[in-house]
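Worth knowing before you read on, the calculation uses all heavy atoms, side chains too, and leaves out hydrogens, waters and symmetry mates. As the structure lists them, so they are numbered: ligands from 1, and atoms in each ligand from 1.
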Amino acid sequence: MLNDSYGRVATDLRVSLTDKCNLRCTYCMPPEGLDWLPNAKLLTADEIVRLVTIGVERLGITEVRYTGGEPLLRRELPDIVARTTRLSPRPQVSLTTNGIGLARLAPALAQAGLDRVNVSLDTLERETFKRLAHRDRLADVLDGLAAAEDAGLRPVKVNAVLMRGINDHEAPALLRYCLERGYELRFIEQMPLDAQHGWTRDNMITADEILAMLSPVFELTPDDREERGSAPAERFLVDGGPARVGVIGSVTRPFCGACDRVRLTADGQVRNCLFAREESDLKTAMRAGASDDELAARWIAAVASKRPGHGIDDPAFLQPSRPMSAIGG
Ligand code: SAM
């Protein structure tokens with residue numbers, strides 16, 4: 001099992017399939033993009049499936065989420081999903097995507113056994129989308145969301161990051177849009193993970209602010225029907241339920257004490273936290289001929305050293321050198 005020294009157990013594996021993305025969201029990367037990893041450094045589909053198999057069959061991983069960069073850019077995605085869902089015990093398999101291309105791929109992904117998707121949608125305004133993501137692709141994202149719902153990848157979850165002066169006026173409209181379509185919306189506080197290192201605490205829209213923007217329009221009741229457990233979102237029933245909205249206060253309401261995640265980057269590094277400053281290199285070991293036992297032992301050691309919290313509030317906090325797109329969000 002993947003235990004750390006604070007009593008937490010990692011069971012939720014986030015796997016980045018690529019660091020490349022077809023959007024340039026300002027909270028993530030600069031408009032010109034980044035120096036992408038060369039293909040030779042990316043894990044192959046077989047290498048990904050081998051590591052995921054070790055995680056699931058030997059180390060107690062019960063949930064696998066494919067992310068990136070943009071995971072739909074990996075052509076082998078349906079195959080990787082199908083091979084993951086055939087593992088025993090069968091893990092939950094989900095995808096975090098910007099939705100571009102999902103309109104075409106959702107049926108194949110559902111057929112491959114994908115359980116759920118999280119689609120990122122920060123705005124419903126075409127001009128704001130262009131300003132925020134530097135691409136004119138809002139219609140593709142909305143089509144992708146609808147296709148995911150039609151393909152049965154439910155509940156379709158929507159992730160939204162609000163940025164001051166850009167899309168922070170849209171909180172109620174985003175929630176209304178999702179309620180009307182049966183999607184479950186979660187607002188995420190902006191974290192210091194942008195490649196440009198432009199994050200400031202003053203510019204971040206906090207969980208308190210988000211709730212204050214929604215409350216005049218919707219009746220929000222803390223949803224205590226379910227234990228929050230390790231779920232990062234605080235959930236609220238909207239107008240008496242059953243619809244819900246989530247707020248993920250990663251910065252102002254951290255949930256590190258209940259964290260059950262571990263990450264694998266597209267170039268085969270285990271990270272025990274989004275904000276970790278160290279990684280453990282499984283790819284080099286694997287390519288040098290390491291056995292499954294040896295890879296599992298490295299992975300166990302990497303998680304054992306997980307720190308108690310992300311430390312954003314610590315004066316000595318240092319932003320990780322890799323941006324979100326390269327870690328896998
Ligand atoms: N490309 C996919 C997508 O857009 O969902 C997957 C990768 S993206 C890095 C995963 C999630 O991280 C998205 O919902 C995105 O909004 C979020 N994200 C990226 N940078 C962030 C930041 N600095 N703070 C908070 N969330 C961020």
* Are the charged groups of E70 and K20 less than 4.0 angstrom apart, N to O? -> no
* **Ion pair R244/D223, N-O distance below 4.0 Å** => yes
* To do: Report yes or no: do L51 and V56 belong to one cluster of Ile/Leu/Val/Met/Phe/Trp/Tyr joined by side chain heavy-atom distances under 4.5 Å?
  => yes
* Asked: Should you measure from each heavy atom of V161, which atoms of ligand 1 turn up under 4.0 Å away?
  -> 16 (O), 26 (N)
* To do: Please determine which of R154, R90, R65 meets the side-chain hydrogen bond (donor to acceptor under 3.5 Å, both in side chains) test together with D115.
  => R90
* Asked: Hey, is R271 close enough to E278 for a salt bridge, meaning N to O under 4.0 Å?
  -> no
* Atoms in ligand 1 flagged as close to N159, the criterion being non-hydrogen separation under 4.0 Å -> 14 (O)
* Ligand-side contact atoms (ligand 1) for residue partner T67, heavy atom cut-off under 4.0 Å -> 6 (C), 7 (C)
* What do you reckon, does D194 have a nitrogen or oxygen under 3.5 Å from a nitrogen or oxygen of ligand 1? -> no
* Do me a favour and list the nearest non-hydrogen protein atom to atom 12 (O) of ligand 1 with residue, atom name and distance? => M324 CE, 3.4 Å
* Are more than 12 heavy atoms from other residues, nucleotides or ligands located less than 6.0 Å from atom CZ of R298? -> no
* **Polar contact flag for G68 and ligand 1 (N/O pairs, less than 3.5 Å)** => no
* Considering only NZ, NE, NH1 and NH2 on the basic side and carboxylate oxygens on the acidic side, decide whether D293 and R58 come within less than 4.0 Å. => yes
* Asked: Is R287 salt-bridged to E47, going by a charged N under 4.0 Å from an acidic O?
  -> yes
* Before signing off on this row, confirm whether S120 and ligand 1 have an N or O atom pair separated by under 3.5 Å. => yes
* To do: For atom 2 (C) of ligand 1, find the nearest protein heavy atom and state the residue, atom name and distance (0.1 Å precision).
  => E70 OE1, 3.3 Å
* atom 23 (N) of ligand 1: the protein heavy-atom neighbour that sits closest, reported with distance to 0.1 Å -> M191 O, 2.9 Å
* Quick check: does G69 get an N/O under 3.5 Å from an N/O on ligand 1? -> yes
* What about T97: any of its N or O atoms under 3.5 Å from an N or O on ligand 1? -> yes
* Could an N or O of ligand 1 be found under 3.5 Å from any N or O of Y27, whether backbone or side chain? -> yes
